[in-house]
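Note that these values count all heavy atoms, side chains included, but never hydrogens, waters or copies made by symmetry. When a residue number appears, it is its place in the shown sequence, counting from 1.
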Amino acid sequence: MSAPSPTSAPSPTAVPSFRSRIGGDARSGYYAAPRRYRLHLASSSPRCLSIAVTHSLLGLDDTLPVTLLPAVPDAPDGGHEELRPLYEASSHQHPGPAVAPVLSDAWTGTIVSTHAPDILRDLARRFGGGGLDLFPRGAEEAVESIGRLCEQDILASAQPDGGGTVRDTALATLLRALDTLERRLFSQPYVLGAELTLADVELWVTLVQLDTVHRLHLDPAVVHRVTDHPYLWAYARRLAAHPAFGSHLAPDSIACRYWML
């Protein structure tokens with residue numbers, strides 16, 4: 001799958017409808033078993049991109065298959081027609097759009113979860129492999145903190161709902177968040193220290209979104225201030241050179257042309 005592009009239609013923002021979790025053994029109901037589950041991901045969704053990168057990092061192609069959905073939803077309500085049977089099987093006359101991401105259970109033909117943070121953590125904890133511990137014990141709050149910074153201080157601030165003082169405050173918040181990350185990455189290879197974690201996946205996807213979508217709506221002077229964080233953007237390019245990250249960049253995207261140099 002590829003990174004969201006400026007012309008892609010994003011998935012509707014909604015409260016996740018399904019939030020079951022993958023447990024550690026058969027007593028938990030949903031438990032990790034090879035090829036029991038399937039991911040349904042749309043390339044226009046940053047949440048799906050985070051899941052796709054994590055899936056690649058953990059090498060789960062043979063364990064957890066992926067169905068790629070069209071970048072632009074094909075249902076009138078902004079959902080995906082292909083997902084509608086899963087939603088209906090899981091919730092009779094489901095009222096909302098059938099959106100990605102979805103983690104489905106082949107044994108029951110129903111949805112386990114549509115909540116991206118839970119799916120990411122379950123992939124790391126229940127299906128982890130390849131020697132990577134992307135969600136280490138004791139790092140939960142640190143990972144959550146980076147997630148909040150990405151969502152609230154970077155992405156939300158890059159598209160403020162208003163002008164004047166509101167816009168200036170949002171810009172200050174955005175630049176302050178980037179400054180914080182710049183200082184971290186000056187002295188360590190990854191955002192939480194010496195090892196790659198889910199926090200890096202979420203930050204990298206946020207930087208892709210900031211660079212390929214939100215920068216198009218910012219003034220040139222603001223774009224210059226955003227890009228004036230050499231360690232942060234060098235980090236983004238370094239991760240893009242990793243196949244688990246870079247393979248999900250659209251070949252003709254701004255990020256691919258610039259970051260893969």
Self-check item: Pair listing, ring pair (Phe, Tyr, Trp, His ring centres under 6.0 Å) test, anchored in residues 163-202, at least two apart
Solution: Phe186-Tyr231
Self-check item: Pairwise side-chain contact, Leu192 with Arg184, heavy-atom cut-off 4.5 Å (strictly under)
Solution: yes
Quiz item: For Glu151, which residues count as a salt bridge (charged side-chain N to carboxylate O under 4.0 Å, His left out) partner, sequence neighbours excluded?
Solution: none
Practice problem: For Val222, check side chain to side chain contact (heavy atoms under 4.5 Å, CB included) against everything at least two apart and list the hits. | Solution: Arg167, Leu171, Leu218, Asp219, Val226
Quiz item: Looking at residues at least two apart in the chain, or sitting in another chain, which of them share a side-chain hydrogen bond (donor to acceptor under 3.5 Å, both in side chains) with His229?
Solution: Asp179
Practice problem: Using a strict 4.0 Å threshold on nitrogen-to-oxygen distance, state whether Arg19 and Asp118 make a salt bridge. | Solution: yes
Self-check item: Residues in side chain to side chain contact (heavy atoms under 4.5 Å, CB included) contact with Ala75, at least two apart in sequence or another chain
Solution: Asp77, Glu81
Just distance, no hydrogens or angles: give the donor-acceptor pairs under 3.5 Å from side chains in residues 50-60, sequence neighbours left out.
unit_1	atom_1	unit_2	atom_2	d
Ser50	OG	Pro46	O	3.4
Thr54	OG1	Ser50	O	2.9
His55	NE2	Leu60	O	3.4
His55	NE2	Leu64	O	2.6
Ser56	OG	Ala52	O	3.2
Ser56	OG	His248	NE2	2.8

Exercise. Only pairs at least two apart or in different chains count here, so list each side-chain hydrogen bond (donor to acceptor under 3.5 Å, both in side chains) that has a residue in residues 63-74.
Key: Arg38-Thr67
Quiz item: So do Ile154 and Leu181 actually touch side chain to side chain, heavy atoms under 4.5 Å?
Solution: yes
Self-check item: Of all pairs that satisfy salt bridge (Lys or Arg N to Asp or Glu O under 4.0 Å), the ones with a partner from residues 57-72, not counting sequence neighbours
Solution: none
What donor-acceptor contacts under 3.5 angstrom involve side-chain atoms of residues 193-200, with partners at least two apart or in another chain?
unit_1	atom_1	unit_2	atom_2	d
Thr197	OG1	Ala199	N	3.2
Asp200	OD1	Val191	N	2.9
Asp200	OD1	Tyr235	OH	2.6
Asp200	OD2	Thr197	N	3.0

Quiz item: With sequence neighbours left out, what residues match Thr227 under side chain to side chain contact (heavy atoms under 4.5 Å, CB included)?
Solution: Val223
Quiz item: Can a salt bridge be assigned to the pair Glu141 and Arg148 using a cut-off of 4.0 Å between side-chain N and carboxylate O?
Solution: yes
Quiz prompt | Student check: side-chain heavy atoms of Thr114 and Val99 closer than 4.5 Å | solution = no
Self-check item: Set of side chain to side chain contact (heavy atoms under 4.5 Å, CB included) partners for Asp105, sequence neighbours left out
Solution: Tyr30, Arg36, Tyr37, Trp107, Thr108, Val112
Quiz prompt | For Arg137, all residues meeting side-chain hydrogen bond (donor to acceptor under 3.5 Å, both in side chains), sequence neighbours excluded | solution = none
Quiz item: With a 4.5 Å heavy-atom cut-off, do Phe18 and Val102 have their side chains touching?
Solution: no
